[in-house]
Amino acid sequence: MTAKILDGKSIAGEIKEGLKKEVESLKEKGISPNLVAVQVGENPASAVYTRAQQKNCEKLGIEYELHTLGQNSGEKEVIDHIQQLNQNGEVTGIILQLPLPPGIDTIKVQSSISPDKDVEGVNPANMGWVLYGKPKLIPCTAAAIMKLIETAGINLYGKEVVMVGHSDIVGKPTALLLLNKFATISVCHIATGERGNLPEYVKRAEILIVAVGKAHLIKGDWIREGAIVIDVGINRVEGKILGDVEFEKAKEKAAWITPVPGGVGPLTTAMLLKNTLEAAQLQKL
Ligand code: NAD
């Protein structure tokens, strides 16, 4: 079997086309989505993201501003800035660029973002709505993963799903979204790997999602015949970008697989833009 490619890039393109039309119709109703990214200090990795965010927003007609606070800003200063943005009626979306300088409590700052403006879905209130099965603004990568599964045309009810990685932003919310669809979900993490149990879990996955950040951690011959493989990992190795799954070998066994790059990444960006419109609608419609 050679897997079909879950082409995140082209799905993202279609979503963005739709969003562009939605922005136009919102503007006709006098609603102008306006996204503000807050970053503390300069950071080359963050600059790549903020430039991409700006370009994407411009293409869709969403206003975008980058607010860079000084590297020495304290927690209170950052929270005060976010609270001003919460109160500013013209700002409809807020992104907090990570990492924050040492000494600043990231969750505390994320908690200060108004839940209705929280386009990354990182405020505990938005995380909580995911837990209750009534999601509002969903963490973007988790939303992208769900979209990819939907594209593969899979009914999740009772399916054996293995999520490798339990980060707050990817693994945990994805596991909850899958649970809400009645998938039978196993969540693996570093301790699963250290006990040597990872192959055993991966081998039984009808749907395998990997968000670890270790190039080719998941061997191709562990993949179950006919599985759907969603590789979230981004690893820079000798000038190349590799996923967490051995793509070439895995694609001989899987039914569907995401490429890296060009799979989850571009769709995550599209979901951020989708959330930006949804946030504007939550506040203004
Ligand atoms: P993280 O770095 O916060 O956590 C890593 C997870 O992997 C943890 O659950 C840890 O326990 C687990 N882990 C580590 N070593 C392991 C091992 N040997 N066996 C099993 N599990 C192990 O994770 P994150 O922020 O979700 O990021 C994971 C990867 O996904 C990174 O490569 C990141 O760059 C990428 N990522 C991509 C996107 C995208 O849009 N494509 C978005 C977010 C993250």
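Counting convention: from 1, in listed order, for ligands and their atoms alike. Numbering starts at 1 and runs along the sequence shown. A quick note: this is a predicted structure, and the numbers were derived from the prediction, not measured.
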Those atoms of ligand 1 less than 4.0 Å from some heavy atom in [X]:
X	result
V232	30 (O), 35 (C), 36 (N), 37 (C), 38 (C), 41 (N)
K214	14 (C), 15 (N), 16 (C), 18 (N)
G193	19 (N)
L198	19 (N), 20 (C)
G165	6 (C), 7 (O), 9 (O)
T268	39 (C), 40 (O)
T141	40 (O), 42 (C), 43 (C)
V170	26 (O), 43 (C)

pair E42-T68: side-chain heavy atoms closer than 4.5 Å: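 Side chain of E42 against side chain of T68, heavy atoms only: contact under 4.5 Å found.
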Side chain, backbone, both or neither: the part of L217 lying under 4.0 Å from ligand 1 by heavy atom: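 It is the side chain that gets close, since no backbone atom is under 4.0 Å.
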Side chain, backbone, both or neither: the part of V212 lying under 4.0 Å from ligand 1 by heavy atom: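 The answer is both, backbone and side chain.
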Do me a favour and list the nearest non-hydrogen protein atom to [atom] with residue, atom name and distance?
atom	answer
atom 31 (C) of ligand 1	G213 CA, 3.6 Å
atom 26 (O) of ligand 1	S167 OG, 2.6 Å
atom 10 (C) of ligand 1	I190 N, 3.9 Å

Taking everything shown except [X] itself, do over 12 heavy atoms lie less than 6.0 Å from its [atom1]?
X	atom1	answer
K274	NZ	no
K16	NZ	yes
K55	NZ	no

CD1-CD1 distance between I145 and I138, expressed to the nearest 0.5 angstrom: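 Separation between the atoms: 11.5 Å.
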From N275 atom CG to C140 atom SG, the distance as rounded to the nearest 0.5 Å: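 Answer rounded to 0.5 Å: 5.0 Å.
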Tell me whether [X] has any N or O atom under 3.5 angstrom from an N or O of ligand 1.
X	answer
D244	no
I234	yes
I169	no

Option with minimal heavy-atom separation from atom 9 (O) of ligand 1, where the choices are H166, M163, R236: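 Selected option, by shortest heavy-atom distance: H166.
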Closest to atom 20 (C) of ligand 1 among M271, H189, K172 (heavy-atom distance):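 The nearest heavy atom belongs to H189.
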Non-hydrogen atom of A211 closer than 4.0 Å to ligand 1: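 Judged by the 4.0 Å heavy-atom criterion, A211 does count as contacting ligand 1.
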Derivation and outcome, side chain to side chain contact (heavy atoms under 4.5 Å, CB included), residues M271 and K147: CA-CA 9 Å; M271 291 303 173; K147 179 71 189 171; 3.6 Å; yes
Shortest non-hydrogen contact between I257 and F247, atoms and distance: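 Minimum heavy-atom contact is CG2-CE1, 3.6 Å.
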